[in-house]
Amino acid sequence: MTPPAGREPREGSRLSRVYRHSLTRFLVFSGIGLSFDLTVLALLDTFTPLPYQASVTIAFVLTYSLNFMLNRWFAFDAAHGRVAGQLGRFLPQVTADYLLVVFGVTLLVELGLPLLPARVLSAFTNAVLDYCAYRWWTFRDGAGGGGVPGRGHEVDGPHDPDPRRTTPA
């Protein structure tokens, strides 16, 4: 994800490091995904006779399809990797995530929480799992867990194998 022309943070600046970090981009695209998920879920819950678990499932599948593409292309800059390998690692991750979401939403709804707040809480509990899984497993084929060597997008710390991207502390 690149900023508008003339708005790029100064190379090596703290803002530049924050902007280029995969966590920052992940959080931005997770917010987009969560907004999409909640919109689909609210529409399904309002306008269909489906049980809430079915609505959660449909919204989840649509959202995670969008989420995979956004994270692959922008957050982890991993579009250069083999999509078959990434999908092969993504499917077990998303299956575990789905089970946690359905369990969490069902538990919270049965305890009396409305559907949308229950979905938001389950999303926050899965965010750490998702980031770690994307960064170090699903999109691991690039340098720094998803960055393209030499592109300068990943500035996640001393483990970065490309010395050209080190910045003074």
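Predicted model, so just to flag it, every value in this text is computed and none were measured. Heavy-atom basis, side chains included; hydrogens, waters and symmetry copies ignored.
- With sequence neighbours left out, Tyr64 forms a ring pair (Phe, Tyr, Trp, His ring centres under 6.0 Å) with Phe60.
- The hydrophobic clustering, which links ILVMFWY residues whose side-chain heavy atoms are closer than 4.5 Å, places Leu100 and Tyr52 apart.
- Side-chain contact between Leu66 and Asp37 is absent, with no heavy atoms from C-beta onward closer than 4.5 Å.
- With hydrogens and angles ignored, the 3.5 Å screen pairs no side-chain donor or acceptor of Thr106 with any backbone N or O of Phe103.
- Residues Asp45 and Leu116 form no side-chain contact, since every pair of their non-hydrogen atoms from C-beta on lies 4.5 Å or further apart.
- Annotation: side chain of Asn67 is not in contact with side chain of Phe29 (no heavy-atom distance under 4.5 Å).
- Hydrophobic clustering of Ile, Leu, Val, Met, Phe, Trp and Tyr side chains at less than 4.5 Å, counting indirect connections, keeps Leu111 apart from Leu121.
- Leu62 is not connected to Leu43 by any chain of hydrophobic side-chain contacts under 4.5 Å among Ile, Leu, Val, Met, Phe, Trp and Tyr, and they are in different clusters.
- Grouping the Ile, Leu, Val, Met, Phe, Trp and Tyr side chains by contacts below 4.5 angstrom, directly or via other members, places Val105 apart from Leu108.
- Between the side chains of Tyr131 and Ser30, no donor-acceptor pair is found at a separation under 3.5 Å.
- Among Leu41, Leu50, Val61, the one residue that satisfies the side-chain contact (heavy atoms from CB on, under 4.5 Å) test with Val56 is Leu41.
- Contact of the Val109 side chain with the Gln53 side chain is not registered, since no non-hydrogen atoms from C-beta on lie closer than 4.5 Å.
- Under the 4.5 Å side-chain heavy-atom criterion for grouping Ile, Leu, Val, Met, Phe, Trp and Tyr, Phe90 is connected to Leu34 within one hydrophobic cluster.
- Under the 3.5 Å distance criterion, the side-chain polar atoms of Ser122 are matched with a main-chain donor or acceptor of Arg119.
- Annotation: side chain of Val40 is in contact with side chain of Leu44 (closest heavy-atom distance under 4.5 Å).
- When all heavy atoms of Ser35 and Thr39 are compared, the pair lying nearest together is O-OG1, 2.8 Å.
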